[in-house]
Amino acid sequence: MNILALTFSDCVDDMRRRYDKSRFYAVPLYREVFKNGSTRFAALPEFAKVPALVEALVRDVRLPACRIAAQQEEDGVIKFATRLADGHHVESVVIPARGRTTLCVSSQVGCRMGCVFCATGGMGFVRDLHAEEIVWQVYAARFMLKQPVDNLVFMGMGEPLDNIEAVLQAVRVISDQHGLDIACSHITLSTAGHVEGLRKLGAANLPTLRLAVSLHAADDAIRTRLMPLNRRYPLARLKEALRAFPLGKKGVLFVEVVLLAGVNDSQEDADLMIEYLRDLPVRINLIAYNPGGADGFVAPSDKQVRQFRDWLVAAGLFARIRPSRGQGVRAACGQLAAAPRA
Ligand code: SAH
Ligand code: SF4
C-alpha cells in the first residue's frame, strides 16, 4: 500500500479491497502515518484484537524510498534535498515568516520549460515526480525536520501543470483533513502559464486552491525570449485561459514578476503589464532576479524595483515587492537545481 499517495477515502477503499476490513481500521492507520509520522501499527489499541491485519499492514504499508540527503540553513530558511529511490534529487525549502511556516515543494526533477533566468530550467527535464514523492516532502518537513508547515507553495523545481495528475493527487492527499490537513486555501500552485494545464486544473473542482501565474513580461517577444513556453501559449491565449479560470469565492489571482535589469523593468514594460492585467483580479508579487540563470542577467537596483512597483500601484493595481531569502544557501526562487554530491 503506497500510503503517501492515498487520500483517507482511498485508504478506506484499499482497506476493504485488500483485507476486507472496514473504515474502523483505516482511521488509526491513516492517523498514525499522517498525524504522527509513524508506521508502528502494532502498538495501536484499535489493532489489539487483529494481529493478522497488523502483520499484513507491517508487510504492505510502504513509504516511498526517499531520504533527506542534504540540509542547509540560513536565517531560519531551511533548504533540504530529497534523494529519490532512483538516485535523482529534488529540493524543498522551509520558509518561516510572521508566525507562519511555508514549505516550497518541487513537482518535477528539472523542468521542460527552459526559462532562461531559472536554474531549474537550465538543468533540463529529467522526470515527473509521483504524487507520493511530492507528499513525502511535506511529510519530511513535518516529521523529520519537525517544522510546522502551515502553507504550501508549488514553487520549487518543475512546472506543476506539466505534471498535473500527480500534483492534483498530492494536493488532495495533503489537504485531507484526516491527515496532513493543509487546507487548499493555504496551498498555492504556481505556473509559467501552461494553458492546457490551466484548463485541467479549472475542471478539477478545487475552488479554494490558490493560483499564481509567472508573467514576467506582457510583450510576446520579451516573454518568449525569457520563457520558451510563450511560443506555445502566447499572451493572448494565456489571458483567455486566465479569464475562463474559476478563481473561487475570493477570486484572487497571484501574478509573479521576476525583474531583470534592462530586460523587463522599464516604464514601457510596466505600462504593457498594466494594460494586460487591468481586468483581472490580481495581486502582483515583484521579485528581483536571483543569480542562478543564464549568464548576462542582473537584478535591477532596489530603487528601480520600487519604481516599477510604484508605476503599477499608481495605475490602481495591487503590487508588492517580495524580498528574497535564503540566497546564501541558493534556496531563493529560481536557484533550486544542483544535486548534492553523494
Ligand atoms: N514552474 C513554476 C513554479 C516554479 S518557479 C513557475 O515558473 O511559476 C517559482 C517562481 O520562481 C516563478 O515565479 C519563477 O518565475 C521564479 N524564478 C525563477 N527563476 C528565478 C530567478 N532566477 N530569480 C527570481 N525568481 C525566479
Ligand atoms: Fe520551470 Fe518555473 Fe523554472 Fe520556468 S521558472 S524553468 S517553469 S521551474
Side-chain angles (χ1 to χ4, degrees), residues 79 90-93 95 102-129 134 137 152-164 167 170-171 187-198 201 209-217 222-233 238 241-242 253-261 263-265 273 282-300 305 308 320-327 330-338:
K79 176 170 92 164
V90 288
E91 297 191 313
S92 322
V93 187
I95 311 150
T102 298
L103 176 68
C104 176
V105 293
S106 294
S107 57
Q108 298 177 317
V109 185
C111 184
R112 265 197 196 94
M113 303 305 137
C115 303
V116 292
F117 49 82
C118 170
T120 307
M123 68 184 274
F125 177 73
V126 180
R127 73 163 171 88
D128 284 328
L129 291 191
I134 298 172
Q137 297 168 62
L152 194 70
V153 295
F154 282 84
M155 295 188 185
M157 296 162 67
E159 164 54 43
L161 294 188
D162 190 39
N163 182 20
I164 183 138
V167 166
V171 166
I187 302 178
T188 305
L189 206 148
S190 176
T191 177
H194 194 295
V195 165
E196 185 58 25
L198 280 169
L201 180 67
L209 191 70
R210 289 150 57 116
L211 179 67
V213 173
S214 299
L215 182 63
H216 309 325
I222 300 176
R223 193 165 192 269
T224 298
R225 179 183 154 214
L226 297 175
M227 316 170 78
L229 173 74
N230 191 67
R231 210 164 285 140
R232 188 157 139 220
Y233 301 124
L238 176 60
L242 294 176
L253 172 66
F254 295 88
V255 172
E256 315 286 315
V257 177
V258 174
L259 289 174
L260 305 151
V263 177
N264 65 349
D265 65 342
M273 211 165 269
V282 293
R283 288 194 194 181
I284 304 164
N285 287 316
L286 302 175
I287 313 158
Y289 169 72
N290 293 309
D295 290 345
F297 291 117
V298 284
V305 173
F308 198 89
R320 65 189 160 187
I321 299 164
R322 234 181 45 186
S324 280
R325 294 174 61 191
Q327 274 201 18
R330 300 189 81 71
C333 294
Q335 297 191 309
L336 306 184

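For ligands, and for the atoms within them, numbers begin at 1 and follow the listed sequence.
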Ligand 2 to G121, heavy atom cutoff 4.0 Å, flagged ligand atoms 6 (S)
Report, in ascending order of atom number, the atoms of ligand 2 lying under 4.0 Å from any heavy atom of A192.
7 (S)
Among protein heavy atoms, which sits nearest to [atom], and what does the distance come to when rounded to 0.1 Å?
atom                    : result
atom 3 (Fe) of ligand 2 : C118 SG, 2.4 Å
atom 2 (Fe) of ligand 2 : G158 O, 4.4 Å
atom 1 (Fe) of ligand 2 : C111 SG, 2.3 Å
atom 11 (O) of ligand 1 : C333 CB, 3.6 Å
atom 23 (N) of ligand 1 : N290 N, 2.9 Å
atom 6 (C) of ligand 1  : S214 OG, 3.5 Å
atom 1 (N) of ligand 1  : G158 O, 2.9 Å
atom 20 (C) of ligand 1 : G334 CA, 3.3 Å
atom 4 (Fe) of ligand 2 : C115 SG, 2.3 Å

If we set the cut-off at 4.0 Å for heavy atoms, which region of [X] has an atom near ligand 1: side chain, backbone, both, or neither?
X    : result
E256 : side chain
V258 : side chain
T120 : neither

May I ask whether [X] places a heavy atom under 4.0 Å from ligand 1?
X    : result
F154 : yes
H216 : yes
G156 : yes

Assess whether a salt bridge exists between E256 and R322, defined as any Lys/Arg side-chain N lying under 4.0 Å from an Asp/Glu carboxylate O.
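Judged by the 4.0 Å cut-off on N to carboxylate O distance, E256 and R322 do form a salt bridge.
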Any N or O on F117 sitting closer than 3.5 Å to an N or O of ligand 1?
yes
Identity of the nearest option to atom 3 (C) of ligand 1, non-hydrogen atoms only, from S190, A294, G292, A212:
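Looking at heavy atoms only, the winner is S190.
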Just which atoms of ligand 1 are under 4.0 Å from any heavy atom in T191?
6 (C), 8 (O)
